[in-house]
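The structure appears below as structure tokens.
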Amino acid sequence: MLSFFQEVKGKTPPLIEWLDELPQKARIKCLVRLKRLEDLGHELRRPEADFLRDGIYEVRASYQGIHYRMLYFFHGRAAVVLTHGIVKEREVPTIEIDKAIRAKKSFEGDPGAHTCRPAR
């Protein structure tokens, strides 16, 4: 199951704000990857997803030479929590991984306060 990390209950999650800013075709590519992540979870591997560090992973999409990355972590065995997205040039910057780690710690401290589930 996919969930989106939100800083404050009722506030739009960072990943959704980021997706809304993308060009339509890039957004569609990212959403296709998110569906694959939802379907496969821990089984999704390179080149579609990769482990970064400290329990943080990235799911990858590219469009017209631009590399989009959506960071996430697992909560329990079945839940995937998406933190935020970036446009990547070479490697995912340490500051972005650290941001995802902080989100993970906040989430683990109070999952109910930091969970936003997409409407179906």
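The first residue in the sequence is number 1, and the count goes up from there.
- Sorted by first and then second residue, the side-chain hydrogen bond (donor to acceptor under 3.5 Å, both in side chains) pairs involving residues 87-111 (not counting sequence neighbours) are Arg53-Asp98, His84-Glu96, Lys104-Glu108.
- Pairing each heavy atom of Phe5 with each of Ala103, the nearest pair is CE1-O, 3.3 Å.
- Atom OH of Tyr63 is separated from atom CG of Leu22 by 12.0 Å, given to the nearest 0.5 angstrom.
- Taking each heavy atom of Arg33 and Ala61 in turn, the nearest pair found is CG-CB, 3.9 Å.
- When all heavy atoms of Arg27 and Leu19 are compared, the closest pair comes out as NE-O, 2.9 Å.
- Minimum interatomic distance between Gly85 and Leu15 (heavy atoms only, all atoms of both residues): N-CD1, 3.5 Å.
- From Trp18, atom CH2 reaches atom OG1 of Thr12 across 16.0 Å, with rounding to the nearest 0.5 Å.
- A donor-acceptor pair is defined here as one N or O able to donate and one able to accept, closer than 3.5 Å; no such pair exists between the side chain of Ser3 and the backbone of Thr115.
- Contacts of Phe73 classified as ring-ring contact (aromatic ring centres under 6.0 Å, His included), with partners at least two apart in sequence or in another chain: Phe107.
- Here CG of Leu37 is found 5.5 Å from CG of Leu2. Values are rounded to the nearest 0.5 Å.
- Annotation for Val81 and His75: closest pair CG2-CB, 4.1 Å, computed over non-hydrogen atoms.
- Judged by distance alone, with hydrogens and angles left aside, the side-chain atoms of Arg69 form no donor-acceptor pair with the main-chain N or O of Ile86 at under 3.5 Å.
- Atoms NE2 and CD, from His114 and Glu7 in turn, are 7.5 Å apart once rounded to the nearest 0.5 Å.
- By the 30° and 60° cut-offs, the orientation of the rings of His42 relative to Phe74 is parallel.
- In the hydrophobic clustering of ILVMFWY residues, with side-chain heavy atoms under 4.5 Å counting as a link, Leu71 and Ile66 come out apart.
- Nearest approach of Ser62 to Tyr68, heavy atoms of both residues: CA-CD1, 4.4 Å.
- Both Val59 and Ile16 belong to a common hydrophobic cluster when Ile, Leu, Val, Met, Phe, Trp and Tyr are linked at side-chain heavy-atom distances under 4.5 angstrom.
- Follow the hydrophobic side-chain contacts under 4.5 Å out from Val92 and you never reach Leu82; the two are in separate clusters.
- A single hydrophobic cluster is not seen to contain both Tyr72 and Ile56; linkage of ILVMFWY side chains at heavy-atom distances under 4.5 Å, directly or through other members, places them apart.
- Between Leu31 atom CG and Gln24 atom CD the span is 10.5 Å, to the nearest 0.5 Å.
- Leu34 and Phe51 fall within a single hydrophobic cluster, where Ile, Leu, Val, Met, Phe, Trp and Tyr are joined by side-chain heavy atoms under 4.5 Å apart, directly or via other members.
- Atom CD of Gln6 is separated from atom CD of Glu17 by 11.0 Å, given to the nearest 0.5 angstrom.
- No donor-acceptor pair closer than 3.5 Å links the side chain of Glu58 to the backbone N or O of Ala49.
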